[in-house]
Visitor: 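Questions regarding the structure given below will be posed in turn.
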Amino acid sequence: MSDNEKPTLLVIDGHSLAFRAFYALPVDSFQNSEGQHTNAIHGFIAMLLNLLKNEKPTHIAVAFDISRYSFRTREYPEYKGTRGETPPEFIGQIPLLQEALKAMNITTISIEDFEADDILATLSVRGTDSGYRVLVVSGDRDTIQLVNDDVTLLYPSRQGVSDLTRYDPAKVKDRYDIEPHQYPEIAALVGETSDNLPGVPKVGEKTAIKWLHRFGSLDEIIAHADEITGKVGESFREHKDNAVRNRRLNRLVTDVELPCELDSLEKQPIDQGAVREVFAKLEFRTLLDRVMKLEGVENAEPAAPEITAPEAQNLLDEELAAWLSRQSTSSEHGIAVSVEIADGRPTGIGLASATESVALAWQPERADYAPFETWLADASAPKVMHSGKQQLKALRSAGLTVNGLAFDTFVAGWLLRPGGQDKTLADLVLRYLDEKLPEADPNQLVPAIEPSSAAALAWYTHRLVDPLLQRLDEGSTRVLRDIEMPIVDVLATVEARGVAVDRQHLDELSDSLGATARDLAQRAFAEIGREINLGSPKQIQEVLFEQLEMPTTRATKTGYSTDAASLADLQASHPHPFLGLLLEHRDATKLRQIVDSLVKAIADDGRIHTSYVQTGTSTGRISSTDPNLQNIPVRTQTGRHIREAFRVGDSHDSLLTADYSQIEMRIMAHLSEDPGLIEAFRTGEDLHRFVGARIFGVEPADVTSEMRAKVKAMSYGLAYGLSAFGLSRQLRIDNKEAKQLMSDYFERFGAVRDYLRNVVEQAKVDGYTTTIFGRRRPFPDLKSPNRTLRQNAERAALNAPIQGSAADIIKIAMINIESDIREAELTSRMLMQVHDELVFEVSDGEHDELERIVRTRMGDAANLSVPLDVQVGYGPNWDAAAH
DNA sequence: AGACTCACGTA
DNA sequence: CGTACGTGAGTCTA
């Protein structure tokens with residue numbers, strides 16, 4: 001009988017796989033509305049469904065431990081004694097998993113006094129004896145001993161439980177260079193920390209395998225113990241009893257008395273009703289679909305009565321007014337609004353409470369919607385929106401006043417998962433309601449399903465509020481209420497204002513940069529004797545490393561780097577005119593590209609209206625797109641010419657720029673409470689000079705510019721997790737000197753080092769970092785076994801509270817400034833934010849008052865243990881206004 | 001057309 | 001082998 005014709009018996013270690021699933025899936029993302037965590041169940045079932053689909057077993061059993069105690073703990077009480085407390089979120093998941101399995105008519109087996117592995121072992125022996133192909137799924141390596149020609153072990157990878165590695169005899173041989181039955185002897189020699197089974201000290205996998213090859217078995221190794229030389233030999237002779245004990249304990253029992261016959265494990269059809277019930281309780285919609293599909297159930301009935309959006313009512317005048325007032329008083333979180341937008345203008349409006357919805361076919365100046373307009377403008381009437389900023393802008397462009405945006409589901413979803421993938425309402429509906437938002441398939445010309453109306457979208461938005469609020473901790477809730485919600489309005493306003501630019505100036509720049517680039521390109525071509533595309537890294541590589549035979553640089557995925565730093569290195573070691581020309585050409589084309597993108601972005605009003613993406617970053621910063629106004633050049637002279645094009649509009653007198661000086665270092669001083677750093681900021685002396693004086697042991701006046709540059713690089717690097725290697729490379733000093741600089745630095749500013757270490761440690765414990773104001777950023781990778789991933793996460797975790805707190809601070813300042821300006825009835829206005837800088841248009845005669853507001857509000861945005869210093873400048877354009 | 005890589009601008 | 005972004009060009013893939 002060939003393997004394909006054999007019946008397949010699938011046996012799973014329930015507890016170990018559920019536990020693996022628990023650690024593989026984020027706890028926070030899997031929770032039903034009763035607050036029961038379900039990540040382990042979800043992961044387990046998903047894995048099980050994959051196995052059912054791919055392996056098509058004819059027989060199935062899932063084994064569970066009854067308790068921590070078994071014949072092994074009686075024999076050796078310390079066995080598994082080091083296992084910690086069960087995580088609270090795991091509790092309750094096993095019984096629910098068993099319930100789900102029962103509903104799927106899958107046999108679960110637990111036997112008093114034995115572990116699940118023993119059941120697996122017994123089943124695999126019984127199975128092979130009866131002519132089955134056996135698949136063992138376990139997260140316990142001891143089950144490797146069960147592998148033979150008929151038994152394959154599926155072992156979960158570190159990433160998760162859905163990715164299973166197949167261990168057949170060949171794979172075991174490949175991985176350990178031994179036969180499967182020999183594995184327990186290796187394990188016995190090496191020991192198993194997680195089971196509290198110490199092995200023979202100094203003996204690791206390598207040594208154990210070597211000995212097994214030499215002597216054949218543990219018994220033989222013991223018989224020849226005297227022949228083993230060196231410290232390892234001594235260690236073995238002293239601790240061989242450990243190995244003997246471990247071997248006794250890790251031998252799986254293959255003749256446990258089972259409560260059932262193999263035949264009874266035959267795969268049965270699921271109990272559809274029971275499955276629907278259990279999956280409904282677990283709120284597993286997608287998994288239910290998969291079960292039903294696997295089961296061949298067509299058009300699966302939904303578990304619960306399908307929740308569909310209430311039919312939208314069409315209300316006018318008094319009826320609309322009555323509805324709004326009724327819902328406002330009865331609805332806990334206010335009324336949800338969804339604006340249908342075309343070309344930036346509203347074309348329809350949906351309103352919804354938890355149970356009802358209303359559709360308004362928006363048309364300008366429709367008198368019968370007056371109650372809606374009144375309600376919209378009422379700041380005391382709370383509104384819920386998804387991605388409110390765009391809708392706010394659209395409504396305002398139609399002449400409506402909007403106040404009282406109280407909750408934005410998009411922003412709330414981002415605060416919960418700031419680096420996450422959730423971009424649309426549909427994403428949130430799927431994640432937090434476990435439902436599919438009816439959407440038209442863009443690939444279908446004739447939509448199969450009716451896409452959701454504005455009223456339905458509003459209804460879904462409203463339903464998201466509770467689950468989101470429930471998941472937001474206290475700090476994040478405060479950040480949402482005090483920072484993120486108020487800033488929505490500010491950003492919408494700032495975007496709508498735009499910033500005036502001088503088109504002619506930009507056009508001239510573009511022409512001149514274009515001419516420069518063409519000239520440089522011709523000269524570069526002359527140097528190498530042919531014309532290539534200078535913008536192609538691939539062709540540059542051909543020229544440098546093949547034609548000119550230069551030494552290769554830093555490796556990239558597709559070859560060798562030709563970035564500016566690499567070219568500069570080459571220029572130093574192998575000078576060639578081509579290199580300099582290429583660098584200059586890159587400069588010119590890059591600048592030209594920026595200029596051209598700005599010109600393209602000029603709107604009909606002669607101004608550039610960027611979009612600030614409130615949910616664009618993991619740290620809490622705002623990003624800017626279409627065009628990005630946060631990366632306009634400033635470091636080079638030509639770059640600053642671009643800034644000259646950003647000018648005051650005709651209606652105003654000048655631009656004002658205000659920026660925080662060294663805000664991140666100040667936050668570091670505050671968070672670390674380092675007395676030296678705090679003093680540095682309180683004296684008001686130049687920071688790098690002050691720090692340099694401390695480190696190099698000289699008077700501040702005697703700090704040379706070279707010393708200052710080193711200290712500056714070090715200080716800035718700190719907040720990014722800079723290494724000695726990185727510092728040495730950046731400063732072009734040797735590694736030894738960089739190390740010395742770092743240790744000198746920490747000698748004087750030890751609290752900074754302690755703080756940075758502590759941030760990472762705490763983040764490992766908590767799973768997230770927190771800013772001064774309570775904004776969280778999760779860091780799952782801090783526990784990754786992958787070193788690169790983990791170290792990247794460590795550096796990001798180090799930086800997150802600092803960068804994030806700075807982001808919080810400037811947002812608070814923006815909110816307060818906007819509010820003060822409005823209250824003072826100034827016509828001066830905020831135009832741009834560039835992370836630590838704000839740009840304003842100042843009206844004639846308002847300089848002093850605006851500057852006072854800006855300085856006050858930026859300065860008092862946070863109460864730190866060091867002052868927040870603000871630098872202010874004026875000018876007719878952005879460059880001139882810088883200081 | 002869309003995804004990916006590289007390079008490079010800012011804080 | 002320093003954090004956080006967005007853009008554009010070239011290149012590869014569907």
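So you know, we letter chains A, B, ... as the sequences are listed, proteins then strands, and number each from 1. The basis for the numbers below is simple: all heavy atoms, side chains too, and nothing from hydrogens, waters or symmetry mates.
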Visitor: Over all strands shown, is A:S561 touching base, sugar-phosphate only, or nothing at heavy-atom distances under 4.0 angstrom?
Guide: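 The answer is sugar-phosphate, as A:S561 gets under 4.0 Å only of primed atoms, P, OP1 or OP2.
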
Visitor: At under 4.0 Å, does any side-chain N or O of A:T617 touch on OP1 or OP2 of C:dC5?
Guide: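 A:T617 to C:dC5 OP1/OP2: no side-chain N or O under 4.0 Å.
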
Visitor: May I ask you to verify whether the side chain of A:R586 and the base of B:dA7 hold a donor-acceptor pair under 3.5 Å?
Guide: no

Visitor: Is the shortest side-chain N to carboxylate O distance from A:R732 to A:D569 below 4.0 Å?
Guide: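 Judged by the 4.0 Å cut-off on N to carboxylate O distance, A:R732 and A:D569 do form a salt bridge.
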
Visitor: Using atom P in both nucleotides, what's the gap between B:dC4 and C:dG2 to the nearest angstrom?
Guide: 25 Å

Visitor: Base, sugar-phosphate, or nothing: which does A:R795 touch, judged by heavy atoms less than 4.0 Å apart?
Guide: sugar-phosphate

Visitor: If you check every side-chain atom of A:T625, which of C:dT3, B:dT5, C:dT7 has the closest atom?
Guide: C:dT7

Visitor: Could you give the CZ-to-P distance, from A:R790 to C:dC1, as a whole number of Å?
Guide: 15 Å

Visitor: Assess the side chains of A:Q541 and A:E546: does a donor N or O sit below 3.5 Å from an acceptor N or O?
Guide: no

Visitor: Whether A:T619 contacts C:dT3 is assessed here as follows: a side-chain N or O lying under 4.0 Å from the phosphate OP1 or OP2. Is that the case?
Guide: no

Visitor: Taking everything shown except A:R787 itself, do over 12 heavy atoms lie less than 6.0 Å from its CZ?
Guide: no

Visitor: Are A:D519 and A:R523 ion-paired here, with the side-chain N under 4.0 Å from a carboxylate O?
Guide: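 Looking at A:R523 together with A:D519, the answer is yes, because their closest N to O distance falls below 4.0 Å.
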
Visitor: State which of B:dC6, C:dT7, B:dA11 makes the closest approach to the side chain of A:K557.
Guide: B:dC6

Visitor: Rounded to the Å, how far apart are A:Q593 CD and B:dA7 C1'?
Guide: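 Those two atoms, CD and C1', are 10 Å apart.
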
Visitor: For a quick test of reading the model: is some side-chain N or O of A:N799 closer than 4.0 Å to OP1 or OP2 of C:dG2?
Guide: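 For C:dG2, OP1/OP2 do not have a side-chain N/O of A:N799 under 4.0 Å.
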
Visitor: Side chain of A:D587 only, heavy atoms from C-beta on: which candidate in B:dG9, C:dT3, B:dA11 is closest?
Guide: B:dG9

Visitor: Just call it for A:D659: base, sugar-phosphate, or nothing, with non-hydrogen atoms closer than 4.0 Å on any strand.
Guide: nothing

Visitor: Looking across every strand, which nucleic acid part, if any, lies under 4.0 Å from A:A807 by heavy atom: base, sugar-phosphate, or nothing?
Guide: nothing

Visitor: For the side chain of A:P633, counting heavy atoms from C-beta on, which of B:dA7, B:dT10, B:dA11 is nearest?
Guide: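 Comparing B:dA7, B:dT10, B:dA11 against the side chain of A:P633, the answer is B:dT10.
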
Visitor: NA contact type, A:A719, heavy-atom cut-off 4.0 Å: base, sugar-phosphate, or nothing?
Guide: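 Counting heavy atoms under 4.0 Å across all strands, no contact is made by A:A719.
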
Visitor: Atom CD1 of A:I802 and atom C1' of B:dA11: how far apart are they, to the nearest Å?
Guide: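 Taking CD1 of A:I802 and C1' of B:dA11, I get 14 Å after rounding.
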
Visitor: What's the closest nucleotide to the A:V634 side chain, out of B:dG9, C:dG10, B:dA11?
Guide: B:dA11

Visitor: What's the closest nucleotide to the side chain of A:V834 if the choices are C:dA4, C:dG6, B:dA11?
Guide: B:dA11

Visitor: To the nearest Å, how far apart are A:H641 NE2 and B:dG9 P?
Guide: 16 Å

Visitor: Strictly below 4.0 Å: does A:K538 bring a side-chain N or O up to OP1 or OP2 of C:dA9?
Guide: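 False: A:K538 side-chain N/O out of range (4.0 Å or more) of C:dA9 OP1/OP2.
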
Visitor: Checking all strands, does A:R592 fall into the base, sugar-phosphate, or nothing category for heavy-atom contacts under 4.0 angstrom?
Guide: nothing

Visitor: Nearest to the side chain of A:S723, which nucleotide is it out of B:dG9, C:dG2, C:dC12?
Guide: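 Looking only at side-chain atoms, A:S723 lies closest to C:dG2.
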
Visitor: Above 12 or not: heavy atoms from other molecules or residues under 6.0 Å from CD of A:E747?
Guide: no

Visitor: Of all the choices, B:dT10, C:dG10, B:dA7, which nucleotide is nearest to the side chain of A:R635 once you look at every atom?
Guide: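 Shortest atom-to-atom distance from the side chain points to B:dT10.
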
Visitor: I'd like to know if A:K389 pairs up with A:D408 as an ion pair, taking the criterion as any Lys NZ or Arg NE/NH1/NH2 lying under 4.0 Å from an Asp or Glu carboxylate oxygen.
Guide: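 Salt bridge absent between A:K389 and A:D408.
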
Visitor: What nucleotide, of B:dA11, C:dG2, C:dG10, holds the atom closest to the side chain of A:Y716?
Guide: C:dG2

Visitor: Over 60° means perpendicular and under 30° means parallel, so tell me whether A:F646 and A:W878 are parallel, tilted or perpendicular.
Guide: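 Rings of A:F646 and A:W878: perpendicular, as their planes differ by over 60°.
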
Visitor: Give the rounded distance in Å between these two atoms: NZ of A:K739 and P of C:dC1.
Guide: 17 Å

Visitor: What is the separation between atom CD on A:E794 and atom C1' on C:dG2, rounded to the nearest whole Å?
Guide: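 To the nearest whole Å, that distance equals 14 Å.
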
Visitor: Between P on B:dA7 and CD on A:Q539, what's the gap in Å once rounded to a whole number?
Guide: 14 Å

Visitor: Classify the nucleic acid contact of A:G535 as base, sugar-phosphate or nothing, counting any heavy atom under 4.0 Å across all strands shown.
Guide: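 Sugar-phosphate: the residue A:G535, judged by heavy atoms under 4.0 Å, touches backbone atoms but no base.
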
Visitor: Taking the side chain of A:N631 as its heavy atoms from C-beta onward, which of B:dA11, C:dG10, B:dG9 lies nearest to it?
Guide: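 Selected nucleotide (nearest to the side chain): B:dG9.
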
Visitor: Rounded to the nearest angstrom, tell me the gap between atom CZ in A:R643 and atom P in B:dG9.
Guide: 13 Å

Visitor: Is the base of C:dG6 touched by the side chain of A:Q630 through a donor-acceptor pair closer than 3.5 angstrom?
Guide: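 Per atom types, no contact qualifies.
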
Visitor: For C:dT11, does OP1 or OP2 lie under 4.0 Å from any side-chain N or O of A:S536?
Guide: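 It does, given that an N or O in the side chain of A:S536 lies less than 4.0 Å from OP1 or OP2 of C:dT11.
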
